[in-house]
Peer 1: 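To start, I am sharing the structure in question, which I have written as structure tokens.
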Amino acid sequence: LTEDRAELLPDLADLAAGPDRRTAIPAAHAAYRIATELADHEVPDDLAEEDIAAWRARFESIAASPDHFIEVRLVALDTAQALGGFDIPAVLADSDPLVRAEALNLIPRPAPAPMPPPLAQIVASDVDPKVALAAARLLCADDPKAAITALGTVGIARLAKLPRDRDAARCLR
């Protein structure tokens, strides 16, 4: 409700990183709402880019920490994305499949140029089928021919065993 709500992000990050689930989750959601508002509008003159970068880094660190509640980690990842993005390789190496799948769902389409080989590797070898399917969706949605090449026979065989998905199925035609 305040006009300077973006400046609440550091305090909301502290609450989101806290040990009380009843305050951490709502704080993370409030921060996400503020971050999406910032992303949807021109940044006000009184906000420094360094501040926004620091807030993004803080939420990225919350998302990366297995010590935080998974609900908070996922919303913190969304918040970091809204504030400018996150370190894709680091998040894709996270031990929690929910975090990896959320990260894949947040990567803009078409996937950045260096992404097809790592995405194909995820499809072929990630132990969690939801993560593999999220990678296949991203990989196959825009350029199925290039995706099929990147997947190879092992990736295509794994993709055929995953639940059906419209975007991922483009690689199976």
Peer 1: Find out whether I70 and D96 are in side-chain contact, i.e. whether some heavy atom of one side chain is under 4.5 Å from a heavy atom of the other.
Peer 2: yes
Peer 1: Quick one: does K145's side chain get under 4.5 Å of D143's, heavy atoms only?
Peer 2: yes
Peer 1: With D11, which residues qualify under side chain to side chain contact (heavy atoms under 4.5 Å, CB included), at least two apart?
Peer 2: D14
Peer 1: Any Lys/Arg nitrogen of D165 or R137 sitting under 4.0 Å from an Asp/Glu carboxylate oxygen of the other?
Peer 2: yes
Peer 1: Is it true that R73 and D94 make a salt bridge, defined as a side-chain N closer than 4.0 Å to a carboxylate O?
Peer 2: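 A salt bridge links R73 with D94.
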Peer 1: Is there a path from I52 to F59 through hydrophobic residues (I, L, V, M, F, W, Y) whose side chains come within less than 4.5 Å of each other?
Peer 2: yes
Peer 1: With rounding to the nearest 0.5 angstrom, report the CG to CG distance, L83 to L38.
Peer 2: 6.5 Å
Peer 1: Do V75 and F86 belong to the same hydrophobic cluster, where Ile, Leu, Val, Met, Phe, Trp and Tyr are linked whenever their side-chain heavy atoms lie under 4.5 Å apart, directly or via other members?
Peer 2: no
Peer 1: Do you reckon L162 sits in the same ILVMFWY cluster as L92, going by side-chain contacts under 4.5 Å, direct or chained?
Peer 2: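 Yes, because L162 and L92 connect within a single hydrophobic cluster, where side-chain heavy atoms sit under 4.5 Å apart.
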Peer 1: In the single-linkage hydrophobic clustering (I, L, V, M, F, W, Y; side-chain heavy atoms under 4.5 Å), do L15 and L77 co-cluster?
Peer 2: no
Peer 1: Could you give me the CA-CA distance, side-chain angles and deciding distance for E102 and D78, then say whether side-chain contact (heavy atoms from CB on, under 4.5 Å) is met?
Peer 2: CA-CA 8 Å; E102 182 68 11; D78 294 341; 2.5 Å; yes
Peer 1: As an exercise, state the distance from CG of L47 to CG of L9, rounded to the nearest 0.5 Å.
Peer 2: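 The distance works out to 9.0 Å.
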Peer 1: Tell me, please, which residues at least two apart from E60 pass salt bridge (charged side-chain N to carboxylate O under 4.0 Å, His left out).
Peer 2: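 Result, salt bridge (charged side-chain N to carboxylate O under 4.0 Å, His left out) vs E60: R56.
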Peer 1: Search all heavy atoms of A39 against all heavy atoms of A82 and return the closest pair with its distance.
Peer 2: CB-O, 3.4 Å
Peer 1: If you apply the rule side-chain contact (heavy atoms from CB on, under 4.5 Å), what do you find for L151 with C171, and how did you get there?
Peer 2: CA-CA 9 Å; L151 286 167; C171 286; 4.1 Å; yes
Peer 1: What pairs of donor and acceptor atoms, side-chain ones from residues 152-161 against any protein atom, are under 3.5 angstrom apart with sequence neighbours left out?
Peer 2:
{"from": "R158", "atom 1": "NH1", "to": "V123", "atom 2": "O", "distance (Å)": "3.2"}
{"from": "R158", "atom 1": "NH1", "to": "D126", "atom 2": "O", "distance (Å)": "2.8"}
{"from": "R158", "atom 1": "NH2", "to": "D126", "atom 2": "O", "distance (Å)": "2.9"}

Peer 1: Report, one line per pair, each donor and acceptor closer than 3.5 Å where one atom sits in a side chain of residues 105-121; sequence neighbours left out.
Peer 2:
{"from": "N105", "atom 1": "ND2", "to": "A101", "atom 2": "O", "distance (Å)": "3.2"}
{"from": "R109", "atom 1": "NH1", "to": "D167", "atom 2": "OD2", "distance (Å)": "2.8"}
{"from": "Q121", "atom 1": "NE2", "to": "S125", "atom 2": "OG", "distance (Å)": "3.0"}

Peer 1: Taking K130 first and then D128, would you say they form a salt bridge - that is, a charged N and a carboxylate O separated by under 4.0 Å?
Peer 2: no
Peer 1: With sequence neighbours excluded, tell me which residues meet salt bridge (charged side-chain N to carboxylate O under 4.0 Å, His left out) with D87.
Peer 2: none
Peer 1: Give the minimum heavy-atom separation between V72 and A16, together with the two atoms involved.
Peer 2: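 Heavy-atom minimum between the residues: CG1-O, 3.3 Å.
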Peer 1: For residues 26-38, which residue pairs pass the side chain to side chain donor-acceptor pair (under 3.5 Å) check, not counting sequence neighbours?
Peer 2: R5-E37
Peer 1: With rounding to the nearest 0.5 Å, note down the distance linking CG in L12 to CD1 in I34.
Peer 2: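 Spacing of CG (L12) from CD1 (I34) equals 5.0 Å.
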Peer 1: Passes side-chain contact (heavy atoms from CB on, under 4.5 Å), I148 versus L172? Steps please.
Peer 2: CA-CA 8 Å; I148 290 168; L172 296 174; over 6 Å; no
Peer 1: To the nearest 0.5 angstrom, please state how far the CD1 atom of I25 sits from the CZ atom of F69.
Peer 2: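 So the CD1 of I25 and the CZ of F69 are separated by 7.0 Å.
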Peer 1: According to a 4.5 Å side-chain heavy-atom criterion applied to Ile, Leu, Val, Met, Phe, Trp and Tyr, with indirect links allowed, do V99 and I62 form part of one hydrophobic cluster?
Peer 2: no
Peer 1: Hey, could you give me the CH2/CD distance between W55 and E7, rounded to the nearest 0.5 Å?
Peer 2: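 These two atoms lie 6.0 Å from each other.
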